[in-house]
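Position 1 is the first residue of the sequence, and the numbers go up from there. This one's a predicted model, so the numbers in the text were calculated from it and none came from an experiment.
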Amino acid sequence: MKEKLPKILNILSFAMLVVCLVKITWMENDIQNLRNTVNNNHSMLQNSIANISSDVRYELEQANNLLSDSGWDIGNLNVEDKTATINCYVVPKEYNPQKTAAILICNEKEFPMILENGRYTAEIIIPVFEQSVINNVQFSEEGTIRTQQLNWGINPRYDMVPAAYINYSGERRQNYKGESITRSYSGWIEIDFEHKGFTKINNDAEVVYLINGKEEWRYSPILEEQYSDEYISHCIAEIKQSFEIKRGDTIEMYVQFTDSNGWKYLCVLEDTTIGEKGNPIHNREHYQSEADIYDADGNLIFQPYKY
């Protein structure tokens, strides 16, 4: 019995050690859960404080706001001047119809407002291809000036100016016969024209193909309108053509068309150099499907890469 006692004690000690380790693990889990609970509660409390602060700030701003209503909408597009008309209005909480004058500040310029049916209105002219900011409105009455910040960012380009997205969908193949290479195209030109209700696409599209900068081929496809609504038109045109090229040649293909404003849209669909082994080397990392826009005089007025 005395010989077995140390073994029994060792077994009991090991069992107690195991029990202690299990309890320690449980305690560690409980502590971690408690930490998680505390962190979650702390995060919820911070969010609640932030929401309360935001609500209080909003209520204070509304209380200090001189206006009960304000806004703007888009008017007309002047194609020749490349400007846009923006109609603005503000409704002050307090004003004297006979004495209170209002001035709108846009791009640091002053635009007098007219009182009509209980609200002050102004028609402003801004560049269509530039970002404009309506900074604030100022009310003056008997030498006292009150200013209300507006900070309206307006970019007519996205609301008024049409955009054309042009892609080629189909096959590009190269057949080799000695030094001669035949490059073939069989597919569709796809045009998504966002007219935005201001214009429409003319059926005068042209596909132009150049080899080493020299025009090789010009094709006037018939556009087939697949879909159209008040905002966008989707058209397609079939293209099938083959060209004889050599190693080292640079080939380019672009599509162009005009709209009813007289603006021309041009999009490069391919800009490739044929390597010495006959492999195509793309001269652009990627092709931008949105077209450049030129005015009726041929001046570039919008380029996606530089906008």
Side-chain angles (χ1 to χ4, degrees), residues 47-163 194-200 229-232 259-261 263 290 293 295 301-302 304 306-307:
N47 290 335
S48 296
I49 293 174
N51 291 334
I52 293 173
S53 298
S54 178
D55 292 340
V56 171
R57 189 181 303 111
Y58 174 78
E59 292 299 330
L60 289 174
E61 290 176 352
Q62 289 299 108
N64 294 326
N65 196 325
L66 301 178
L67 307 176
S68 61
D69 191 14
S70 62
W72 60 272
D73 57 52
I74 293 174
N76 298 319
L77 170 66
N78 189 312
V79 175
E80 293 184 1
D81 294 340
K82 303 175 185 64
T83 58
T85 301
I86 307 297
N87 302 311
C88 308
Y89 73 90
V90 297
V91 180
K93 294 178 180 178
E94 297 179 1
Y95 68 98
N96 187 321
Q98 285 74 38
K99 297 182 180 181
T100 304
I103 294 176
L104 199 66
I105 310 298
C106 176
N107 297 334
E108 308 303 330
K109 296 181 181 179
E110 296 184 354
F111 294 85
M113 306 192 78
I114 300 173
L115 181 61
E116 296 179 340
N117 300 322
R119 65 180 188 173
Y120 289 86
T121 63
E123 183 180 273
I124 63 175
I125 308 297
I126 61 177
V128 75
F129 287 103
E130 297 178 13
Q131 170 87 18
S132 293
V133 178
I134 297 180
N135 310 93
N136 56 63
V137 60
Q138 296 179 356
F139 299 100
S140 59
E141 182 178 337
E142 296 181 342
T144 300
I145 298 178
R146 298 176 297 158
T147 301
Q148 177 61 52
Q149 295 295 325
L150 296 174
N151 295 324
W152 295 341
I154 304 177
N155 196 331
R157 161 74 182 98
Y158 296 104
D159 295 310
M160 304 184 73
V161 178
E194 295 181 357
H195 54 78
K196 301 168 185 175
F198 288 95
T199 184
K200 63 180 180 178
D229 60 21
E230 296 179 354
Y231 188 86
I232 189 172
D259 67 13
S260 56
N261 288 328
W263 288 353
E290 186 174 2
I293 305 177
D295 64 17
I301 56 178
F302 174 75
K306 297 181 180 180
Y307 185 64

### Task
Report yes or no: does Lys99 contribute a side-chain atom to a donor-acceptor pair with the main-chain N or O of Glu142 at less than 3.5 Å?
no
### Message
Contact between Ile86 and Ile74 at the side-chain level, heavy atoms closer than 4.5 Å - yes or no?
### Response
yes
## Note on the structure
Of all heavy-atom pairs linking Met160 and Leu77, the shortest is CE-N, 3.4 Å
### Query
Does Pro92 reach the side chain of Leu66, with side-chain heavy atoms less than 4.5 Å apart?
no
### Task
Determine, for Arg157 against Glu290, whether the closest basic-nitrogen to carboxylate-oxygen distance falls under 4.0 angstrom.
yes
#### Entry: Minimal non-hydrogen separation, Ile126 against Cys106, with atom names
CG2-SG, 4.0 Å
### Message
Run Asn107 and Ser132 through side-chain hydrogen bond (donor to acceptor under 3.5 Å, both in side chains) and show every step you take.
### Response
CA-CA 6 Å; Asn107 297 334; Ser132 293; 3.1 Å; yes
### Task
For the residue pair Phe129 and Phe302, categorise the inter-ring angle as parallel (less than 30°), tilted (30 to 60°) or perpendicular (more than 60°).
parallel
### Message
Can you confirm whether Leu115 sits close enough to Thr121 that some side-chain heavy atom of one is under 4.5 Å from a side-chain heavy atom of the other?
### Response
no
### Summary
Heavy-atom nearest pair, Asp229 first then Tyr231, reads OD1-N, 2.7 Å
### Task
To the nearest 0.5 Å, tell me how far Gln138 CD sits from Leu104 CG.
9.5 Å
## Note on the structure
In terms of heavy-atom contacts, Gln149 and Asn151 come closest through OE1-OD1, 3.9 Å
### Task
Verify, without hydrogens or angle tests, whether Ser68 (side chain) and Val91 (backbone) share a donor-acceptor contact under 3.5 angstrom.
yes
### Query
Any idea which heavy atoms bring Ile293 and Pro162 closest together, and the distance?
CD1-O, 3.6 Å
### Task
Decide yes or no on side-chain contact (heavy atoms from CB on, under 4.5 Å) for Phe139 and Thr144, but give the supporting numbers first.
CA-CA 8 Å; Phe139 299 100; Thr144 300; over 6 Å; no
### Task
Give the intermediate values and the outcome of side-chain contact (heavy atoms from CB on, under 4.5 Å) for residues Tyr120 and Thr100.
CA-CA 10 Å; Tyr120 289 86; Thr100 304; 3.4 Å; yes
### Message
When you measure from the side chain of Asp259 to the backbone of Trp263, do you find a donor-acceptor pair of N or O atoms at a distance under 3.5 Å?
### Response
yes
### Task
Calculate, to the nearest 0.5 Å, the distance between atoms CG and OG1 belonging to Asn76 and Thr85 respectively.
5.0 Å
### Query
Side-chain contact, heavy-atom cut-off 4.5 Å: Val133 with Ile154?
no
### Task
Answer yes or no: does atom CG of Asn117 have more than 12 heavy-atom neighbours from other residues, nucleotides or ligands under 6.0 Å?
no
### Taking every non-hydrogen atom, the tightest pair across Ile232 and Glu194
CD1-CG, 3.9 Å
### Message
Does anything in residues 104-128 form a salt bridge (Lys or Arg N to Asp or Glu O under 4.0 Å)? List the pairs, not counting sequence neighbours.
### Response
none
### Task
For Thr83, check side-chain contact (heavy atoms from CB on, under 4.5 Å) against everything at least two apart and list the hits.
Asn78, Asp81, Ile125
### Message
For a 4.5 angstrom cut-off between non-hydrogen side-chain atoms, does Ile103 reach Met113?
### Response
no
### Message
With heavy-atom distances below 4.5 Å as the criterion, would you say the side chains of Leu150 and Leu67 are in contact?
### Response
yes
### Short side-chain donor-acceptor distance under 3.5 Å, Thr147 and Asn136
no
### Query
Can you tell me if Lys82 uses its side chain to pair, donor with acceptor, with the backbone of Ile301 under 3.5 Å?
no
### Note, Trp72 side chain near Trp152 side chain (heavy atom, < 4.5 Å)
yes
### Query
If you measure from OG on Ser140 to CZ on Arg146, what distance do you get to the nearest 0.5 Å?
9.5 Å
### Query
Are Phe198 and Val161 close enough that some pair of their side-chain heavy atoms sits under 4.5 Å apart?
no
